[in-house]
> 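What follows is a single structure, and I will ask about it in a moment.
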Amino acid sequence: MKVIVNGLEREVNESHLDGALKDLSLDLSYAAIALNGKCIPKSQFNQTKITEGDVLEVLVPQAGG
Amino acid sequence: MKVIVNGLEREVNESHLDGALKDLSLDLSYAAIALNGKCIPKSQFNQTKITEGDVLEVLVPQAGG
Amino acid sequence: MKVIVNGLEREVNESHLDGALKDLSLDLSYAAIALNGKCIPKSQFNQTKITEGDVLEVLVPQAGG
Amino acid sequence: MKVIVNGLEREVNESHLDGALKDLSLDLSYAAIALNGKCIPKSQFNQTKITEGDVLEVLVPQAGG
Amino acid sequence: MMWKLAGKTFKSRLILGTAQYPSPEVLCQSIRKSEVEVVTVSIRRQNPEGKAGGAFWDLLKKENVQFLPNTAHCRSAKEAVLTAHLAREIFDTHWIKLEVIGDEESLAPDPFELVEAARILCSEGFEVFPYTTEDVVTAERLVHAGCRILMPWASPIGSGQGIVRPESLARLRARFPETTLIVDAGIGKPSHAAAAMEMGFDGVLLNTAVAMASDPEAMACAFSQAVKAGRLAYKAGLMPPRASAVASTPFNQTFFSESRPQ
Amino acid sequence: MMWKLAGKTFKSRLILGTAQYPSPEVLCQSIRKSEVEVVTVSIRRQNPEGKAGGAFWDLLKKENVQFLPNTAHCRSAKEAVLTAHLAREIFDTHWIKLEVIGDEESLAPDPFELVEAARILCSEGFEVFPYTTEDVVTAERLVHAGCRILMPWASPIGSGQGIVRPESLARLRARFPETTLIVDAGIGKPSHAAAAMEMGFDGVLLNTAVAMASDPEAMACAFSQAVKAGRLAYKAGLMPPRASAVASTPFNQTFFSESRPQ
Amino acid sequence: MMWKLAGKTFKSRLILGTAQYPSPEVLCQSIRKSEVEVVTVSIRRQNPEGKAGGAFWDLLKKENVQFLPNTAHCRSAKEAVLTAHLAREIFDTHWIKLEVIGDEESLAPDPFELVEAARILCSEGFEVFPYTTEDVVTAERLVHAGCRILMPWASPIGSGQGIVRPESLARLRARFPETTLIVDAGIGKPSHAAAAMEMGFDGVLLNTAVAMASDPEAMACAFSQAVKAGRLAYKAGLMPPRASAVASTPFNQTFFSESRPQ
Amino acid sequence: MMWKLAGKTFKSRLILGTAQYPSPEVLCQSIRKSEVEVVTVSIRRQNPEGKAGGAFWDLLKKENVQFLPNTAHCRSAKEAVLTAHLAREIFDTHWIKLEVIGDEESLAPDPFELVEAARILCSEGFEVFPYTTEDVVTAERLVHAGCRILMPWASPIGSGQGIVRPESLARLRARFPETTLIVDAGIGKPSHAAAAMEMGFDGVLLNTAVAMASDPEAMACAFSQAVKAGRLAYKAGLMPPRASAVASTPFNQTFFSESRPQ
């Protein structure tokens, strides 16, 4: 199904977040995930369902003032 | 019955505001009345009921910055 | 003889200042004259001698702050 | 004879500065001397004459901003 | 040249407070002499002996000026809204100088309660003159709530310190070109009032600086002139300040110019 | 109310410079409209074609104002004294605005040459208006040299920065109560002029701020009004600024006063 | 001498931003040389090619400093709260520098959304470091919402103008003696940082002034020293400024004292 | 990194006055702790009982610092020259801090007598450290008289007001790049000292701000650190202040950037 990852449309065919992320082969060592505007702690990746059109944000550290 | 007028306890035996004000013999030429924290326009004096313990405020003009 | 008038070399053959100024056909209505760094009042034009190489300044009004 | 030392009249009977200073039994270790408004270097104490009414200033170190 | 303020037109851009004058007579004289057309007033409890407004009000009414009642000393939207309703009754005007104080020491406005009160009063048809800080965000919310007018402070009420943050007031002017901006609070001298007008502010409101002057009437005239001067200068196009000196008298033809490099 | 300046009396305390105007007509209009009675002028070499003062002078003479010639661009007492003599011939006045510039970049006065020139010119009967800094020692020497007038700068000539050191100018006013003090140089806005008058200065001299305005005539009037307002405020007794806020509207009787501690 | 900040103790009262450095190496050098122990960071979307934090993060982690993630560019409580949650995941800390911008031009905080976000985040156990103005009412609401720390601005972010309103910051310090106060935004020079500490502020947060210096490492050390100097001066009891001059060298015994009145 | 001052080299750019300390012990501690290498001293008449310098001098000599005697309270070139001669005898140095006071109230220098005294003392081989104003013309004359060093004031002696006219001091620095410039008088806080160094001044001289601190020793160290910080910042290239805000955290990749225009 189609989901938006960091503003780009991507194809994933996984029902849950953990699978989807692996599918997207993202390096999650220092990342945090938001699904449809809600932060999903790592511990809940496997219980979090993914549906068509979901909006995924993958955030990483950055310099800041 | 007892009502509070400008912070002072006063005795009035009128059921409505217009009577009560006359009873209190106040000069209302430039005054405005608040009953229990609500401003009562002159037009509604006669329909506004007065009950025991009501709080009446009689306001007049004052210099201001 | 040669004299410097407002920084420019001019030819005059008059021995005194009043003659020289006429010779130079200057409009002196609002002017003041300095000869060799000294202000010469109008009244002394006729007694003031002119010699070769003298430096004459002719000043007039100007806007000022 | 009478001399003024630091604003006070003192009696000395010496013709030269070195003698006068000893006479006044002053501790000159860190001092500088002015005679009649002129600074006298130590080396010239013995050649400097003293006369009646001379003004002597004896200055020493002081804290300063 | 006339000033369109909340749908009415006035000649004078000076609004005068009516508090702290030595007497009602001096107050009225000050108003007349300075040709002020709008004055601020307040409300208070009637004295026990039941007399109406006192000498103050009897005299002031005769000056036929526009009244701008205030909600001085209110510290919540609730108190301010009630005071506004009562003031509308007393002064028969929907104009209200909305003051909601958030800090007793500096008499700074409370942005949160102020915006809430403005929202309510604007919705009830009041013409709200909100006393506010120079904070742009608060200003935006007041305009969003329906205010056509903003009254940022120059410095704390009654302090007479003048405009302590010209650049902030200038930013407000630039950011709200369509809004009527009046400097209120802290003006202590006519030069402060002139400075506000030179920045393009539409008017100035002050009280203490006239009331506490040795000669309030004369001071009121001085302020009136200064406001006119500032407005005139604003329209006449002020020269921009320059970092360094620029001679005004032309140099070229001075007689000793040769002897020295230009 | 009249201003006694160097033995003459004037209504206006604004002295206007005549340089840098778009045209002599605009200059004369500005003088007339602002009711200025004293203007500064300068001298320059006659143009080679021998024409006298040019349009400028023909028009300006008709305004029958008091002329105050300056010694602009002079950098020594010698140059300034000669210029003063020539100016007295041309303008038939013993008034002289004594400028001796010590620094081309800031056009700051040269205290040393200025005092020397003042000494000479005062001894020759000139009424010397010395353009000086706010330095008290220099001021004392100028007064000692015979000056009845001092003209400290507000900020560099033509910079329009206004009064950058109010406390220094205030100290000069306090230290020379008998001397006529005029702020000259650096005034850029009417509010600056009003501020100088509020400090007790006797007058204000400016040129660039009017000449370089988009509408010089209107700006001249604005300055004239601001000078009047400042003077009026000075006489009317300004309120002293206060460190913190003081409410103007009385608090005692507001109806919610019980609910809150006084 | 140690600084108790949000339950932890630190030697340095300087908090350094990590943005805009010429390179991650220069950033890390600056941190090490200045002995800074707390740095601010931010979060962004992962680059498409899926690389984690980039060189920046790999190097910065090794400095074992306390991270203070910010919610830069958020303009609503909602955005700020989500960003805080994500930052807590990434940096494994409940510290959050809460920024809610209300005005793009001045990057001024939005008091309304800021207080709302602070309320939520404090209730969720975050240690909130709110970037705020010097407005006392907003400060009170932030403390009321649970903030133990306030971070008022000295002047606009990245402007380097220093403390433009010392009296307002001084009032904040006086009004919130129990609250940790850190000046954040607008510090451009070590003297600005020292001035903040002299006023009794607990710490200083800056980024641009070090990152944009020609030599960031040296500048970081200069700021570190200045913060120490300012703190030391605050503890050592600064002399109060005096209106007029007071000679330091004693006068009594100078030898020419007779000739002149004391 | 070392400071070449009048032919000698020093580590510290802080010069400390020795007056008004609670005791000579505290003075010496302050010197030692702050690693100051140059101190100012003065001369006075010997007490009648003929004792030399008193405890002050016995202790101070042991600190083996360079002495810079002053001519405090002198009001003419004549008095200053005599004092310099006597000081050279006492302190065995040709260094002299030349002070010629022209105004008792502000303790402002007398430019006229100062330049005269400088001319004489320079001709006699003294290393003259002239206490002067920020007036460029006076500075030029002092340099012309032979001074390699200038010591402009920040504000009146002992007032602790700091640098009231930064732009004037900055102009002096720009105009005399080859001259050693030391800010002397009016420094009240370490941030003032840091600010002077950030402007490129070579050193700072102060007395009251340390002597009158509750803990002079600690305050001396604070000043020493601030001077170092200011110098380091000057060398490290300060960021220029900017008129408006500039975000430090990069905006591009924040996750909500789509939803809002860049």
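When reading the values below, keep in mind they use all heavy atoms of this one structure, side chains included, and skip hydrogens, waters and symmetry mates.
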> How long is the gap from SG on G/Cys221 to NZ on H/Lys228, to the nearest 0.5 Å?
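G/Cys221 atom SG to H/Lys228 atom NZ measures 13.0 Å (nearest 0.5 Å).
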
> Using heavy-atom distances under 4.5 Å, tell me whether G/Ser106 contacts chain H through its side chain, its backbone, both, or neither.
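Only the backbone of G/Ser106 comes within 4.5 Å of chain H.
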
> Under 3.5 Å, sequence neighbours excluded: what are the donor-acceptor pairs made by side chains of residues 234-242 of chain G?
residue: G/Arg242; atom: NE; partner: H/Gly158; partner atom: O; Å: 2.9
residue: G/Arg242; atom: NH2; partner: H/Gly158; partner atom: O; Å: 2.9

> For a 4.5 angstrom cut-off between non-hydrogen side-chain atoms, does G/Thr249 reach H/Asn70?
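They are in contact (side-chain heavy atoms under 4.5 Å apart), so the answer is yes.
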
> Using a heavy-atom distance cut-off of less than 4.5 Å, which residues of residues 210-219 of chain G contact chain H?
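Near chain H, by residue number: G/Met212, G/Ala213, G/Ser214, G/Asp215, G/Ala218, G/Met219.
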
> So which of G/Ala247, G/Gly188, G/Ala193 has the largest heavy-atom pair count under 4.5 angstrom toward chain H?
G/Ala247

> How long is the span from the OG atom in H/Ser224 to the CD atom in G/Gln225, to the nearest 0.5 Å?
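Separation between the atoms: 9.0 Å.
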
> Nearest 0.5 Å please: distance from the CZ atom of H/Phe223 over to the CG atom of G/Leu232.
10.5 Å

> Whether the side chain of H/Glu198 engages the backbone of G/Ser191 through a donor-acceptor N/O pair (distance < 3.5 Å, no angle test) should be reported.
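Yes.
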
> Take atom NZ of G/Lys97 as the centre, draw a 6.0 Å sphere, and report whether it contains more than 12 heavy atoms from other residues, nucleotides or ligands.
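Above 12, so yes.
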
> Please identify, among H/Gly160, H/Ala229, H/Ala226, H/Ser244, the residue contributing the most non-hydrogen atom pairs under 4.5 Å to chain G.
H/Ala229

> Would you mind checking which part of H/Ala108 comes under 4.5 Å of any heavy atom in chain G, side chain (CB onward), backbone (N, CA, C, O), both or neither?
neither

> Over all heavy atoms of both residues, which pair between H/Ala222 and G/Ala233 is shortest? Give the atoms and the distance, please.
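Of all heavy-atom pairs spanning H/Ala222 and G/Ala233, the closest is CB-N, 3.8 Å.
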
> With a 4.5 Å cut-off on heavy-atom pairs, point out which of G/Val41, G/Asn207, G/Ile157 contacts chain H the most.
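Heavy-atom pair counts peak at G/Ile157.
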
> Sort out for me which of G/Pro156, G/Ala194, G/Gly17, G/Ser159 touches chain H most, counting heavy-atom pairs under 4.5 Å.
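Heavy-atom pairs under 4.5 Å are most numerous for G/Ser159.
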
> How about H/Lys78: does its NZ atom have over 12 heavy atoms from other parts shown lying under 6.0 Å from it?
no

> Using heavy-atom distances under 4.5 Å, tell me whether G/Ala243 contacts chain H through its side chain, its backbone, both, or neither.
backbone

> With a 4.5 angstrom heavy-atom cut-off, could you sort out which part of H/Ser248 is near chain G: side chain, backbone, both or neither?
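Both parts, backbone and side chain.
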
> Using 0.5 Å steps for rounding, measure from the CZ atom of G/Arg44 to the CZ atom of H/Phe251.
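If I round to the nearest 0.5 Å, the distance is 14.5 Å.
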
